[in-house]
Number of protein chains: 2
Amino acid sequence: MSVTIKDVAKKANVAPSTVSRVIHNSPAISEKTKRKVRKVLKEMGYHMNENARNLVTKSTKAIGIVMKSSAKESLYNPFFPEVIRGIGDFCNKEGFSLSLTTGETEDAIFEDVVKMVQGRRVDGMIVLYSKKDDKVVPYLLKQGFPFVLIGKPSTNMTGITFIDNDNVQAATEVTEFVIGLGHQRIAFLGGSPEFEVISDRLMGFQQAVEQAGLDVPQEYIKLIPLNRIDGIKAIDDLLGLKEAPTAFLVTDLLLAVLLLGLLAERNVKVPQQVSVVCFNHSEFIEFLSTPLTTVDIHTYQLGYEAAKCVFDLIANPEMMEKNIRIPTKIIKGESHFAIEQEIKRKM
Amino acid sequence: MSVTIKDVAKKANVAPSTVSRVIHNSPAISEKTKRKVRKVLKEMGYHMNENARNLVTKSTKAIGIVMKSSAKESLYNPFFPEVIRGIGDFCNKEGFSLSLTTGETEDAIFEDVVKMVQGRRVDGMIVLYSKKDDKVVPYLLKQGFPFVLIGKPSTNMTGITFIDNDNVQAATEVTEFVIGLGHQRIAFLGGSPEFEVISDRLMGFQQAVEQAGLDVPQEYIKLIPLNRIDGIKAIDDLLGLKEAPTAFLVTDLLLAVLLLGLLAERNVKVPQQVSVVCFNHSEFIEFLSTPLTTVDIHTYQLGYEAAKCVFDLIANPEMMEKNIRIPTKIIKGESHFAIEQEIKRKM
DNA sequence: CTGAAAGCGCTAACAT
DNA sequence: ATGTTAGCGCTTTCAG
């Protein structure tokens, strides 16, 4: 059916192994034969059967991506495509291909992982978002299979290489930034604290306000599911306080968009009257009427570094685990500038 | 290293072929032996080496996804994750796995495709977004490799199974809807017409206005690159016209968001003063202060049906090509309601 | 109903 | 520098 190494060998009058060596550019082969064989290779349109090679070399040049909390959840924010772009870029550079889990439920995902690992479909794995009671990471760990985690492992686990941002630190910084603008009443609006990202950011926020000696009442902290109803309620609560916040630290673009909308409806001007700062920079914010000040978590890098790590881990499985933190950066939009000017005016 | 069919055979005192038959649940094997072998299978934690099986069966139970116009472009809209979710769901049901191209450039993507196809890594392919001068589709066609296209093939090509929406039709419908609300001055704001989606939608729009006997001046049609600067300019132009439009048909959420923002800045009320309707529904719009009226293109279905099609095509490669159109649906938000009321009031 | 044997396409000793 | 050979782990005739 399709041309094999044997066909080429026959036509070129050499042994199959010679053809194999030419393909891998072995220095043991004379330039003359190489040329000859390469010509036939091209003529016949030879292409390697990867399954055969994988079978004997026991490697696949492929890595798997575990999409826990699948597409559905990451639907609105560019995290998913962006992190895959990072992973993909690195893999492409190294000639690796990418395999995705397709399961939606925890169990289906677990099955996918087992199939990839045991079925020898991939040489390593990248796990996106790990949650507390997750079977995948322990399984990979037990199998001694090369993998890295994007996110943070459960505290009771060791031996895991993971890539993430320092969300505590990032939140501290951005909070200090807001405090530096002169704000005293800062609200924290975020998603469910069951996600480590959120609880870390909250922690960073609290550390910063404490450090600054500010008093942040409990009503200033809203941790809610990501939907319109709960969002509106939380924001209404905040705006309805007798001592309403003058600044908002928001963990999710969606909530920030909602907030901006509600503020506009109430004729509260951003940034003249309140300041809004939001996590997870994306080019989307350019299209908002009030370009937000955001924290860039460098999603692409997260993916790229993760891929690099599995790659290293595959090459050297005994490598010590490590933890790479991708720095975050405050991207100044316009949702705080005027406040700064106010401050200056006051000075 | 890891347990093979031979190990199991030895321990169970049967031939390797018997084990293979048990795994595939061949009716030729007695229940007794099946039980015995299954027990050992489980005991030893056997798992199939897919590479070995792929090698002999010449099939992979995997399909490839060609991400033309990669993640980077689909970054802001949920199309990419959503379509993959659809594909993934079907594949998962059928025990198929998913492989992604990682290339960013046209050439790199092409290389990825060749590697997948010739390397026998996948049994079929799904191509997302085809553009005019694309090498991938002709290649696949020439190879006689099973694939389906999500989008629309170049007009000069035949024999391609493709899945898409009827964008002309959808645009016609939604335009008629807007006209039905009483609008006479309708603007069309969209991305680059080099994308078939856009030009089709424009065509549908034009057909509908013509049909209704409306006059749409050239200045009402803005086809621009998707960025803030060009967007603002186009919208400013439209709003600055002496006879400014009373309704906007927008092809992209991003532009719609920008439009809403600029309208708010100018104190133009939506929907009291102007109506805005936008293509590509997503749950994101719930978070906008003015819930948009949108056209749902059913991205998930697009992916799901595409997967189903390659699956059928793999099973029966001689199958006639077909074209599946996923219907679109107008999802009424609030960005047009009041206008309807106005109309009624006038009646 | 089960076993023996050949072979999928490739690589990697081991020869020469 | 190149050829020979023996598998990788599985499926699949062909026998029995």
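Order of the sequence lines sets the chain letters (A, B, ...), proteins ahead of strands, with each chain counted from 1.
Listed for the B/S30 side chain is a donor-acceptor partner under 3.5 Å among the backbone atoms of B/T33. The main-chain N or O of A/K322 is found under 3.5 Å from a side-chain atom of A/T161 such that the two form a donor-acceptor pair. Formation of a donor-acceptor pair under 3.5 Å by the B/D7 side chain with backbone atoms of B/T4 is found in this model. Remark: side-chain polar atoms of B/N54 are not paired, donor with acceptor, to backbone N or O of A/N51 under 3.5 angstrom. Between the side chain of A/D123 and the main chain of A/I63, no donor-acceptor pair closer than 3.5 Å is present.
Inter-residue side-chain proximity for A/F147 and A/V117 is flagged as unmet; no heavy-atom pair is nearer than 4.5 Å. Side chains of A/V14 and A/V22 form no contact here, defined as non-hydrogen atoms less than 4.5 Å apart.
Taking atom CG of B/N13 as the reference point, atom C1' of C/dA4 lies 16 Å away to the nearest angstrom. Rounded to whole Å, atom P of D/dG3 lies 15 Å from atom NZ of A/K6. Following rounding to the nearest Å, B/H24 (NE2) and C/dC1 (C1') show an atom-to-atom distance of 18 Å. If you measure from atom CZ of B/R121 to atom P of C/dG9, you get 17 Å, rounded to the nearest angstrom. Residue A/K61 contributes atom NZ, which lies 12 Å from atom P of C/dT11 at whole-angstrom precision. A straight line from CG of A/N54 to P of C/dA12 spans 12 Å, rounded to a whole angstrom. Between the P atom of D/dT4 and the CD1 atom of A/I5 lies a distance of 15 Å, rounded to the nearest Å.
Annotation for A/V66 and A/V113: closest pair CG2-CG2, 3.8 Å, computed over non-hydrogen atoms.
Comparing the helix axis at one end of the helix from C/dC1-D/dG16 to C/dT16-D/dA1 with that at the other, each defined from 5 consecutive pairs, gives an inter-axis angle of 40° (nearest 10°).
DNA chain C is contacted by B/A28, B/I29, B/S30, B/T33 of residues 28-53 of chain B, taking any non-hydrogen atom closer than 4.0 Å.
Distances shown here put a side-chain N or O of A/K58 below 4.0 Å from the OP1 or OP2 atom of D/dG9. Contact annotation: B/T57 does not reach the phosphate of D/dT11 (side-chain N/O to OP1 or OP2, under 4.0 Å). In this model, the phosphate group of D/dT11 is approached by a side-chain N or O of B/S20 to a distance below 4.0 Å at OP1 or OP2.
A 6.0 Å sphere centred on NZ of B/K6 holds no more than 12 heavy atoms belonging to other residues, nucleotides or ligands.
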Which pairs of donor and acceptor atoms, one on a side chain in residues 91-101 of chain A, lie under 3.5 Å apart (sequence neighbours left out)?
{"unit_1": "A/N92", "atom_1": "ND2", "unit_2": "B/T102", "atom_2": "OG1", "d": "2.8"}
{"unit_1": "A/N92", "atom_1": "ND2", "unit_2": "B/D112", "atom_2": "OD1", "d": "3.4"}
{"unit_1": "A/K93", "atom_1": "NZ", "unit_2": "A/Y304", "atom_2": "OH", "d": "2.7"}
{"unit_1": "A/S99", "atom_1": "OG", "unit_2": "B/L98", "atom_2": "O", "d": "3.2"}
{"unit_1": "A/T101", "atom_1": "OG1", "unit_2": "A/M67", "atom_2": "N", "d": "3.1"}

Could you pull out all donor-acceptor pairs under 3.5 Å where a side-chain atom in residues 34-44 of chain B meets a protein atom, sequence neighbours excluded?
{"unit_1": "B/K34", "atom_1": "NZ", "unit_2": "B/N25", "atom_2": "OD1", "d": "2.8"}
{"unit_1": "B/K34", "atom_1": "NZ", "unit_2": "B/S26", "atom_2": "O", "d": "3.1"}
{"unit_1": "B/R38", "atom_1": "NH2", "unit_2": "B/N25", "atom_2": "OD1", "d": "3.1"}
{"unit_1": "B/K39", "atom_1": "NZ", "unit_2": "B/E43", "atom_2": "OE2", "d": "3.3"}

Using a cut-off of under 3.5 Å, enumerate the N/O to N/O pairs linking the protein to nucleotides 13-16 of chain C.
{"unit_1": "C/dA13", "atom_1": "N6", "unit_2": "A/R21", "atom_2": "NH2", "d": "2.8"}

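Sorted pairs that involve residues 138-149 of chain B and meet salt bridge (Lys or Arg N to Asp or Glu O under 4.0 Å), not counting sequence neighbours, are lacking altogether.
Both B/T18 and B/L55 lie near DNA chain C, and the one whose nearest nucleotide falls closer to the 5' end is B/T18.
Within the nucleic acid shown, B/D7 has no heavy atom closer than 4.0 Å to any nucleic acid atom.
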